[in-house]
Amino acid sequence: MRVHNFSAGPAVLPEQVLKEVQENLVDFKGNGLSVMEMSHRSSQYIEIIESARARILKIMGLGDDYVALFLQGGASTQFFMIPLNFCDDKKVANYIDTGAWSTKAIKEAKILGKNLHIAATSQDKEFTYIPKTWQLSDNPAYLHITTNNTIRGTEWKIDPDVPSDVPLIADMSSNFLSRPLEFSKYDLIYGGAQKNIGPAGVTFVIIKKAMLDKINPNLPTMMNYNTHVSKDSMFNTPPTFSIYVLGEVLKWIEGNGGLPGMQKINEEKADSIYDVIDDSDFYRGTVVKEDRSFMNIPFRLPTEELEKKFVSEAITNKMFNLKGHRSVGGCRASVYNSLPMSSARALAKFMIDFEKANK
Ligand SMILES: *Cc1c(COP(=O)(O)O)cnc(C)c1O
């Protein structure tokens with residue numbers, strides 16, 4: 001029996017996708033070999049990667065002025081590839097710091113010695129909100145935001161407006177494809193697949209083609225986005241199996257109403273847990289309500305002892321991975337796309353029962 005999996009990442013995948021993968025694991029659709037054993041240059045594999053690249057843009061509603069890449073090294077590698085490619089000595093890398101991952105992205109630009117400007121930060125209140133205003137520097141190379149803070153549980157509810165000559169770049173690792181966004185406002189979108197759209201090992205990068213002319217030509221081959229664009233994301237061996245599973249998750253998203261469908265169920269799941277928190281003086285939310293994430297729900301109990309007890313009793317009840325990130329403590333429920341409604345309902349009920357028993 002499968003457990004209720006509230007992991008922040010690598011996270012739950014749709015059971016239907018796992019079964020499809022299982023059915024085709026040893027002999028992929030009558031080809032007589034596994035996807036893992038295929039040459040990445042074979043026609044069977046090219047069909048897999050090309051349909052995933054096309055499908056991701058289709059789901060986002062983007063046309064052929066964008067290109068989708070599947071790279072390696074995680075979102076963490078994008079933290080330095082972005083300033084390497086797009087920020088020369090005359091320009092300034094602009095960031096909005098909403099904590100944890102955006103702080104790490106900023107650190108990489110700093111290591112590279114880039115001119116740096118923090119356009120806004122919510123550090124004053126321990127990153128418990130999303131800044132509503134920001135101030136760009138002169139000569140901005142780009143503005144970088146993190147659309148969902150996986151650790152703190154804050155999420156941008158708007159797609160920020162920037163002047164048309166300023167590229168908008170977003171780390172969407174933990175809320176990508178969770179609801180419709182104005183994706184065409186963004187010039188580069190990236191993230192690790194392992195939170196919301198697939199297994200670990202593959203990094204999605206969606207780039208507006210107009211960005212490709214701005215790339216620093218003097219980079220190691222693998223670090224240059226143009227290398228990967230010109231070779232259709234196949235300059236070297238891609239993470240073939242992870243891309244295949246990601247492609248199956250994309251089909252599952254399409255089959256479940258696309259992004260409007262994801263939004264509907266994601267809001268229902270998140271609301272069912274936020275409602276318990278709001279109706280109780282036992283559980284306490286940790287961020288301002290208007291910026292609460294639909295994906296990661298951190299909460300505290302009256303004492304750390306009760307938090308420990310909560311997490312361990314949850315496991316007995318087949319609810320896994322409810323411990324908060326080690327940097328902030330407390331509890332956290334991640335309710336990504338693939339988490340079934342029944343898991344969110346089970347947690348909400350467990351929270352109510354636990355409160356009654358321990359108040
Ligand atoms: C998990 C996470 C990362 C790090 O991703 P890796 O693929 O492990 O490098 C970066 N940004 C955000 C918002 C994340 O949630």
Side-chain angles (χ1 to χ4, degrees), residues 5-13 56 68-84 93 95-109 111 121-123 127-131 142-157 159-160 168-179 181 186 188-206 222-223 228 238-239 241-243 245-246 249 266 270 287 291-298 321 323-328 332-339:
N5 184 1
F6 299 95
S7 172
V12 58
L13 289 166
I56 208 166
L69 302 175
F70 297 125
L71 306 180
Q72 299 189 66
S76 301
T77 292
Q78 297 305 306
F79 292 168
F80 66 83
M81 265 181 85
I82 288 160
L84 269 183
Y95 288 81
I96 296 182
D97 190 1
T98 50
W101 299 109
S102 41
T103 308
K104 286 191 173 165
I106 292 163
K107 186 176 163 218
E108 296 302 303
I111 289 172
T121 173
S122 49
Q123 192 173 19
F127 302 114
T128 53
Y129 71 101
I130 298 289
Y142 53 78
L143 175 66
H144 178 286
I145 67 168
T146 309
T147 51
N148 185 71
N149 182 336
T150 326
I151 293 172
R152 287 283 177 181
T154 56
E155 182 171 10
W156 282 77
K157 298 292 161 64
D159 304 290
L168 179 61
I169 295 183
D171 174 358
M172 294 198 183
S173 293
S174 52
N175 67 345
F176 187 56
L177 305 186
S178 64
R179 59 193 168 89
L181 297 184
Y186 297 85
L188 191 153
I189 293 167
Y190 70 94
Q194 70 275 14
K195 309 280 167 65
N196 212 25
I197 65 159
V202 53
T203 312
F204 59 87
V205 179
I206 317 293
M222 278 292 284
M223 293 295 101
H228 302 287
F241 193 75
S242 294
I243 292 169
V245 181
L246 183 158
V249 174
N266 286 334
V287 303
D291 297 329
R292 288 201 295 210
S293 168
F294 291 114
M295 299 275 96
N296 310 97
I297 306 176
N321 295 311
K323 194 164 182 278
H325 191 269
R326 59 192 181 283
S327 63
V328 293
R332 172 178 55 173
S334 297
V335 293
Y336 296 123
N337 281 357
S338 314
L339 185 89

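For ligands, and for the atoms within them, numbers begin at 1 and follow the listed sequence. Note that this is a predicted model, so its numbers are computed, not measured. One is the number of the first residue; the rest follow in order along the sequence.
- At a heavy-atom cutoff of 4.0 Å, ligand 1 is surrounded by G74, A75, S76, F79, W101, T146, N148, T150, D171, S173, S174, G192, Q194, K195.
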TODO: Could you give me the CA-CA distance, side-chain angles and deciding distance for T77 and Y190, then say whether side-chain contact (heavy atoms from CB on, under 4.5 Å) is met?
DONE: CA-CA 10 Å; T77 292; Y190 70 94; over 6 Å; no
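- With sequence neighbours left out, F241 forms a ring pair (Phe, Tyr, Trp, His ring centres under 6.0 Å) with Y244.
- A donor-acceptor contact closer than 3.5 angstrom links the side chains of N296 and Y336.
- Residues passing the side chain to side chain contact (heavy atoms under 4.5 Å, CB included) test with Q72 are P239, sequence neighbours excluded.
- Not counting sequence neighbours, the partners of F204 by the ring pair (Phe, Tyr, Trp, His ring centres under 6.0 Å) test are F176.
- Within a 6.0 Å sphere centred on NZ of K107, heavy atoms belonging to other residues, nucleotides or ligands number 12 at most.
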